[in-house]
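Taking it in order: structure first as structure tokens, then the write-up.
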Amino acid sequence: MKNFYLTTTLPYVNAAPHLGHALEFVQADALARAARLAGDEVFLNVGTDEHGAKIAQKAEEEGKNPQEYADEYAVRFKEFADRLAISYDSFIRTSDDGHVSAAQEFWRRCEAAGDIYKAEYEIKYCVGCELEKTDSELANGRCPLHPSLEIEIRKEENYYFRFSKYQEALLTLYENQKNFVVPEERMREIKSFVSAGLKDFSISRRREKLSWGIPVPDDPDHVMYVWFDALVNYVSAIGWPTDQQRFTKWWPVTQLAGKDNLRQQAAMWQAMLLSANLTFSRQVFIHGFITSGGQKMSKSLGNVIDPLDLVERYGTDAVRYVLLRHVSSTEDSDLTPDTFHDHYTAHLTNGLGNLVARVMKLAETHLEEPIARPEMSPFSQEYWDALNAFEFNRVMDLVWQRIQALDERITHEEPFKLVKEDAEKGRTLIAELATELYQIGRLLNPFMPATNEIIKKTILENKKPENLFPRL
RNA sequence: CGCGGGGUAGAGGAGAGGUACCUCGGGGGGCCCAUAACCCCCAGACGUCGGUUCGAUUCCGACCCCCGCAACCA
């Protein structure tokens with residue numbers, strides 16, 4: 001029994017929810033549900049990251065003000081989480097009042113620690129877009145949208161965070177907490193990044209250029225750069241700084257993030273915490289990306305898989321199943337509509353769904369009343385070990401081994417024959433099969449909660465259900 | 001010598017110093033409770049070249065190829 005605070009990385013609302021968000025949400029939710037099952041008290045945080053130039057620009061394109069635009073996306077992401085049956089305890093928005101004041105207080109703390117200073121900042125500016133560009137947005141030093149125009153270098157004065165000061169502290173953190181970043185290769189990567197030396201980073205923008213951000217305390221000319229603001233949500237979501245009791249109850253946090261976020265979550269944010277005199281996160285888990293047909297999903301390639309379409313067609317638990325079992329938890333994985341369909345058919349329709357049907361048909365036909373609600377048998381150590389190591393597919397494999405074993409048992413012990421030869425023995429066997437099916441359902445609870453409910457219900461009512469996973 | 005990952009049966013994945021595992025697909029058989037599902041059996045693979053070793057696909061080195069990232073991309 002412990003308190004377990006878990007957070008996803010807040011999606012930036014510049015685009016619709018995609019499969020990568022779904023992966024992270026579902027992984028986080030599986031951990032949260034499993035922990036609750038183990039008796040832990042759990043706080044699962046999700047939400048939306050809403051500030052910055054990109055958002056202001058998108059809003060303008062759609063003829064809205066940024067807040068209206070963000071409101072719409074917040075609703076979209078919330079519905080998205082609901083469609084995936086994410087059992088979140090908090091949906092934070094970085095435009096929430098509480099978050100805004102928390103970010104400002106956080107800034108003041110860092111400033112008080114002497115870690116915020118003003119300096120010249122060089123930006124690369126495309127006059128065609130009227131926007132600042134990052135190196136990775138440029139192709140051959142030019143804006144891909146306006147290749148005929150020269151990128152202008154503009155200078156402006158910004159606030160900086162003294163990241164460089166924290167190199168040693170971060171390396172010490174990585175030494176002391178050997179699983180601070182999971183998996184190991186990401187830990188190596190961040191170590192080598194920090195070892196190579198850190199450059200202070202800019203944390204503000206001139207307000208006249210960009211008003212859609214959190215005002216810098218005591219300086220009306222600047223707003224916070226969105227990174228700084230967004231990261232603070234991990235503490236503001238649990239009441240910092242106003243509700244210390246709540247904060248201490250939950251902190252430190254276990255974070256889930258994509259591999260593109262490694263530096264921000266495992267290094268920059270940790271330095272910011274130290275600067276603000278807070279303790280480090282508990283752990284940072286880094287997942288991979290999902291490609292389709294061997295390539296990044298992109299609109300121009302036309303290989304984008306919309307998770308909501310999958311939910312519509314196959315159901316929430318089927319999507320959760322595929323994301324947790326057939327997508328690597330840490331490496332990039334490939335998924336196409338065809339492979340998704342194959343996994344669905346092979347393991348849900350033919351596997352679990354069919355097993356439930358064959359067991360429950362026998363039970364409904366031959367048992368006069370439902371079996372007694374089975375005792376809670378504890379999950380195996382292997383199950384928990386795999387889960388604690390974020391190896392979701394390994395946990396799922398364990399469950400599917402039980403499914404296959406039950407299928408084998410039915411074939412070999414032939415309850416459908418036995419019950420005709422010796423009704424009593426046959427009924428005993430069928431009751432055992434139903435009991436095992438019930439346990440399988442429980443094992444699935446963190447991953448496929450609705451399926452677990454149906455299995456439980458069908459057994460306790462002794463009534464064969466509609467096809468769980470219809471053939472599509 | 002920028003950083004990290006990877007090249008295993010037709011496909012996608014796991015693995016380990018000594019019979020190479022799983023899923024899908026292919027071939028054959030069985031069963032009839034089940035969603036033409038289920039069970040059993042069979043065929044088929046470790047990028048290249050060296051080294052260490054009694055023995056490497058697994059360790060070491062070189063090479064070839066693929067994929068991310070390369071800082072303020074939120």
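The sequence lines fix the lettering, A, B, ..., with proteins before strands; numbering per chain opens at 1.
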Is the shortest side-chain heavy-atom distance between A:V194 and A:Y166 below 4.5 Å?
no

Nucleotide B:A34, atom P - distance to CD of A:E414 in whole Å
14 Å

Between the protein and nucleotides 45-47 of chain B, list every N/O to N/O distance that falls short of 3.5 Å.
none

Listed nucleotide nearest any side-chain atom of A:A346, set B:C24, B:A34, B:G5
B:C24

A:N233 versus A:N45, side-chain donor and acceptor atoms under 3.5 Å
yes

Looking at B:C72 and A:F201: do their rings stack (centroid distance under 5.5 Å, interplanar angle under 30°)?
no

With a non-hydrogen cut-off below 4.0 angstrom, is A:G353 in contact with a base, only sugar-phosphate, or nothing?
base

Round to a whole Å and report the spacing from CD of A:E331 to P of B:G12.
14 Å

Under 4.0 Å, heavy atoms only, any strand: does A:I430 hit a base, just the sugar-phosphate, or nothing?
nothing

Taking both distances under 3.5 Å as the test for a Watson-Crick or G-U pair, what stems of at least three pairs does RNA chain B have?
B:2-7 with B:64-69, B:10-13 with B:21-24, B:26-30 with B:38-42, B:47-51 with B:59-63

Less than 4.5 Å apart, any side-chain heavy atom of A:F161 and any of A:S202?
no

Could you check whether A:G426 gets within reach of a base, just the sugar-phosphate, or nothing at all, counting any heavy atom under 4.0 Å?
nothing

Starting at the 5' end of RNA chain B and moving along, which residue's nearest nucleotide shows up first, A:E189 or A:T349?
A:E189

Kindly say whether the aromatic ring centers of A:Y314 and A:F469 come within a distance under 6.0 Å.
no

How is A:S328 classified with respect to the nucleic acid when contacts are heavy atoms under 4.0 Å: base, sugar-phosphate, or nothing?
nothing

Return the nearest nucleotide to the side chain of A:K259; candidates are B:G68, B:C72, B:A74.
B:G68

Once you apply a heavy-atom cut-off of 4.0 Å, does A:H326 come out as touching a base, just sugar-phosphate, or nothing?
nothing

Which of B:G6, B:A34, B:C33 is nearest the side chain of A:L362? It is B:C33

Need one value for A:K199: base, sugar-phosphate or nothing, where a base atom within 4.0 Å counts as base even if backbone is also close, heavy atoms only.
base

For atom P, what is the distance between B:G25 and B:A74, given to the nearest Å?
42 Å

Less than 6.0 angstrom separating the ring centers of A:W212 and A:Y225, yes or no?
no

B:C33 C1' sits how many Å from A:F416 CZ, rounded?
6 Å

What's A:N354 touching, base or sugar-phosphate or nothing? Going by heavy atoms closer than 4.0 Å.
base

Of the listed nucleotides (B:A34, B:G5, B:A71), which one gets closest to any side-chain atom of A:K361?
B:A34

Taking the P atom of each, how far is B:G2 from B:G17, in whole Å?
32 Å

Under 3.5 Å, is there a donor-acceptor pair between the A:Q67 and A:D71 side chains?
yes

Can you check the distance between B:C49 and B:A14, where both ends of the measurement are the P atom (answer in whole Å)?
25 Å

Side chain of A:Y225 only, heavy atoms from C-beta on: which candidate in B:C73, B:C38, B:U35 is closest?
B:C73

Between B:U23, B:G4, B:G6, which nucleotide gets closest to the side-chain atoms of A:Q404?
B:U23

Centre-to-centre under 6.0 Å for A:H287 and A:F390, is that the case here?
no

With a 4.0 Å cut-off on heavy atoms, is A:D49 in touch with a base, just the backbone sugar-phosphate, or nothing at all?
base

Applying a 4.0 Å non-hydrogen cut-off, can you work out what A:I55 is touching in the nucleic acid: base, sugar-phosphate, or nothing?
nothing

Residue A:D332, side-chain atoms from C-beta onward, closest of B:G4, B:A34, B:C67:
B:C67

For B:U58 and B:C46, measure between their C1' atoms and round to the nearest Å.
9 Å

Establish, from distance only, whether the side-chain atoms of A:Y117 and A:D200 form a donor-acceptor pair under 3.5 Å.
yes

Let me know the distance between CG of A:N350 and P of B:A34, rounded to the nearest Å.
16 Å

Can you tell me, in whole Å, how much space there is between the C1' of B:C21 and that of B:A16?
10 Å

From the options B:C33, B:A74, B:A36, select the nucleotide whose nearest atom is closest to the side chain of A:R471.
B:A36

Per the atom types in the model, does the base of B:A74 pair as donor or acceptor with the side chain of A:N261 at under 3.5 Å?
yes

Over how many whole Å does the gap from A:D407 atom CG to B:C31 atom P extend?
18 Å

Base, sugar-phosphate or nothing for A:A357? Non-hydrogen atoms, less than 4.0 Å.
base

When rounded to whole Å, the CZ to C1' distance for the pair A:R325 and B:C22 reads 9 Å

Side-chain contact test, heavy atoms from C-beta onward, threshold under 4.5 Å: evaluate it for A:L437 versus A:L406 and give yes or no.
yes

Scan A:F289 against the nucleic acid and name what it touches under 4.0 Å (heavy atoms): base, sugar-phosphate only, or nothing.
nothing

Can a donor-acceptor pair be found between the side chains of A:Y69 and A:E61 at a distance below 3.5 Å?
no

Test item: side-chain donor near acceptor, A:T9 and A:N261, under 3.5 Å:
no

A:W107 and A:Y159: CA distance, side-chain angles, deciding distance, ring-ring contact (aromatic ring centres under 6.0 Å, His included) verdict:
CA-CA 11 Å; A:W107 179 288; A:Y159 287 99; 5.4 Å; yes

Charged N-O contact under 4.0 Å between A:K463 and A:E461
no

Could you give the CZ-to-P distance, from A:R394 to B:U23, as a whole number of Å?
18 Å

What distance, rounded to whole Å, do you find between the two C1' atoms, one in B:U8 and one in B:G47?
10 Å

With no hydrogens and no angle check, just 3.5 Å: does a side-chain donor-acceptor pair link A:H341 and A:D338?
no

Using a cut-off of under 3.5 Å, enumerate the N/O to N/O pairs linking the protein to nucleotides 27-30 of chain B.
none

Plane angle bin for A:F77 and A:Y73 - parallel if under 30°, tilted between 30 and 60°, otherwise perpendicular
tilted

Checking B:G68, B:U35, B:A34 against the side chain of A:R358 (C-beta onward), the nearest is B:A34

N or O in side chain of A:K54 less than 4.0 angstrom from B:A74 OP1/OP2:
yes

If you look at every strand shown and take non-hydrogen atoms under 4.0 Å, does A:K191 touch a base, only sugar-phosphate, or nothing?
nothing

Closest to the A:T9 side chain: B:C73, B:A74, B:C31?
B:A74

Contact class for A:H347 (heavy atom, under 4.0 Å): base, sugar-phosphate, or nothing?
sugar-phosphate

When the nearest nucleotide of RNA chain B is assigned to A:M268 and to A:F469 on a heavy-atom basis, which residue is associated with the more 5' position?
A:F469

So do A:S329 and A:F285 actually touch side chain to side chain, heavy atoms under 4.5 Å?
yes

Have a look at A:S192 and say if it touches a base, only the backbone sugar-phosphate, or nothing, with a 4.0 Å heavy-atom cut-off.
sugar-phosphate

Starting from P on B:G4, measure out to CG on A:D260 and report it in whole angstrom.
19 Å

